[in-house]
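A short worksheet on the structure shown next.
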Amino acid sequence: MIEMVKAIVLGIVQGITEWLPISSTGHMILVNELMPLTVLADAAANKEFVDMFMVVIQFGSILAVLLLYFHKLNPFSPRKNAYEKRSTIDLWLKVIVAVVPAGIIGVLFDDLIDAYFYNPITVAAMLIVYGVAFLVIESRHRRPSVTSFDKMSYKTALAIGAFQVLALIPGTSRSGATILGAVLLGCSRGIAAEFSFFLAIPVMFGASLLKLIKMKIAFSLATASVLLVGMIVAFIVSVFAIRFLMGYIRKHDFKAFGVYRIVLGVLVLAYFFLIK
């Protein structure tokens, strides 16, 4: 039961932080550092399960996007006219183009990234670096040139995908990197956030599938139950987090998230250097 409670807490953290530009992986690593998930008695097997859990739990968050944006992402909706259906297909093609860079780099260097960057110090550093980046970029007050997906070129989509590669480093934030990149490339905050949501579908599904394929341990009732609970909680919380973010950015910029990242990064560094 204790491990189930931990899975619920991690699901809540995942659901909130996956869509806000504050790094879900970073928060998950930090929470697990303070409240380790221990489902299996064997230390090596447990570490492999936890590494898999941290990625596959994101599948719940993907389902939240599909639920909230099903009509927008469905090119076969009978409620859409021919032009709208073509626009939806065009949006999916832009998403596919944008996920290519992260897909290639992720497959080639997944093990190296896990080995060298999945640690609290890297997370803290990236939280601070991209927190500063948000403050700097949001201070420029540029009028966006891309205010709809029809106005987004394939070149812009690919460039946003290149920014997503940066998010392979824990603490960067996948949504944070893509939103920053999109805003820099002239997208409105709303378009930047939604495109970030849509990019998550193939990226997170692929990452989850890759982790499951690589996992050497067999699922038991305990491990399957913990993973399922985490995904369900992540799904429910993600629905509210996405709605909150889209409502928030209609009236505010991303500076508050930049400040949060910097403060959290400093606290993490203080904890691991001065306290632990």
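Just the heavy atoms: all of them, side chains too, but no hydrogens, waters or symmetry mates, feed the values below. Here, residue 1 is the first one in the sequence, and each next residue gets the next number.
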Check for me, please, whether [X] and [Y] land in the same ILVMFWY cluster - side-chain distances under 4.5 Å, paths through other members count.
| X | Y | value |
| --- | --- | --- |
| Leu30 | Met54 | yes |
| Leu73 | Leu67 | yes |
| Phe70 | Val95 | no |
| Val226 | Leu40 | yes |
| Val97 | Ile191 | no |

Flag the pair [X] / [Y] as yes when at least one side-chain heavy-atom distance between them is below 4.5 Å, and no otherwise.
| X | Y | answer |
| --- | --- | --- |
| Asp42 | Ile217 | no |
| Leu20 | Tyr260 | no |
| Phe195 | Cys187 | no |
| Leu168 | Val165 | yes |
| Phe197 | Leu68 | no |
| His252 | Glu138 | no |
| Gln164 | Pro101 | no |
| Asp150 | Tyr83 | yes |

For [X] and [Y], which heavy atoms make the closest approach, and how far apart are they?
| X | Y | value |
| --- | --- | --- |
| Thr147 | Ser188 | CA-OG, 4.2 Å |
| Pro120 | Glu33 | CG-OE1, 4.0 Å |
| Ile22 | His27 | O-CE1, 3.0 Å |
| Val9 | Val31 | CG1-CG1, 4.3 Å |
| Arg261 | Pro21 | NH1-O, 3.0 Å |
| Ser23 | Leu127 | CB-CD2, 4.2 Å |

Legend entry - Candidate pair Phe117 and Phe109, rule side-chain contact (heavy atoms from CB on, under 4.5 Å), full reasoning: CA-CA 11 Å; Phe117 295 111; Phe109 299 101; over 6 Å; no

Inset, instruction - Might you confirm whether atom CZ of Phe219 has over 12 heavy atoms from other residues, nucleotides or ligands at distances under 6.0 Å? - result: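 More than 12 heavy atoms, drawn from other residues, nucleotides or ligands, come within 6.0 Å of this atom.
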
Legend entry - Atom CG of Leu108 with >12 non-hydrogen neighbours under 6.0 angstrom: yes

Rounded to the nearest 0.5 Å, what separation is found between the [atom1] atom of [X] and the [atom2] atom of [Y]?
| X | Y | atom1 | atom2 | answer |
| --- | --- | --- | --- | --- |
| Ile96 | Leu91 | CD1 | CG | 10.0 Å |
| Leu199 | Met204 | CG | CE | 11.5 Å |
| Leu209 | Phe59 | CG | CZ | 10.0 Å |
| Ile105 | Leu112 | CD1 | CG | 11.5 Å |
| Met215 | Glu48 | CE | CD | 6.5 Å |
| Asp253 | Phe134 | CG | CZ | 10.5 Å |

Inset, instruction - Inspect the contact between Asp90 and Arg86 and indicate whether a charged nitrogen and a carboxylate oxygen are less than 4.0 angstrom apart. - result: no

Pairs of donor and acceptor atoms involving the side chains of residues 227-247, under 3.5 Å and at least two apart or interchain, shall be tabulated with distances.
unit_1 : atom_1 : unit_2 : atom_2 : d
Ser238 : OG     : Trp19  : NE1    : 3.1
Ser238 : OG     : Ser61  : OG     : 2.9
Ser238 : OG     : Ala234 : O      : 2.6

Test your reading of the model: is there a side-chain donor-acceptor pair from [X] to the backbone of [Y], 3.5 Å cut-off?
| X | Y | value |
| --- | --- | --- |
| Ser77 | Asn74 | no |
| Ser196 | Ala192 | no |
| Glu84 | Asn81 | yes |
| Asn46 | Val39 | yes |
| Lys80 | His71 | yes |

Inset, instruction - Is it possible for you to check whether Lys94 lies under 6.0 Å from the centre of the six-membered ring of Tyr154, through NZ or CZ, and within 45° of that ring's axis? - result: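 Geometry flag: set, cation within 6.0 Å and 45°.
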
Inset, instruction - Assert yes or no for the condition that the ring centre distance of Phe257 to Tyr248 is strictly below 6.0 Å. - result: yes

Inset, instruction - Run the numbers on Thr88 and Lys72 for side-chain contact (heavy atoms from CB on, under 4.5 Å), then give the verdict. - result: CA-CA 7 Å; Thr88 305; Lys72 191 165 191 172; over 6 Å; no

Inset, instruction - Take Val146 and Leu185 through the side-chain contact (heavy atoms from CB on, under 4.5 Å) test and state the conclusion after the steps. - result: CA-CA 8 Å; Val146 180; Leu185 293 166; over 6 Å; no

Inset, instruction - For the pair Leu180 and Leu166, evaluate side-chain contact (heavy atoms from CB on, under 4.5 Å) and give the outcome as yes or no after the intermediate values. - result: CA-CA 11 Å; Leu180 272 176; Leu166 300 173; over 6 Å; no

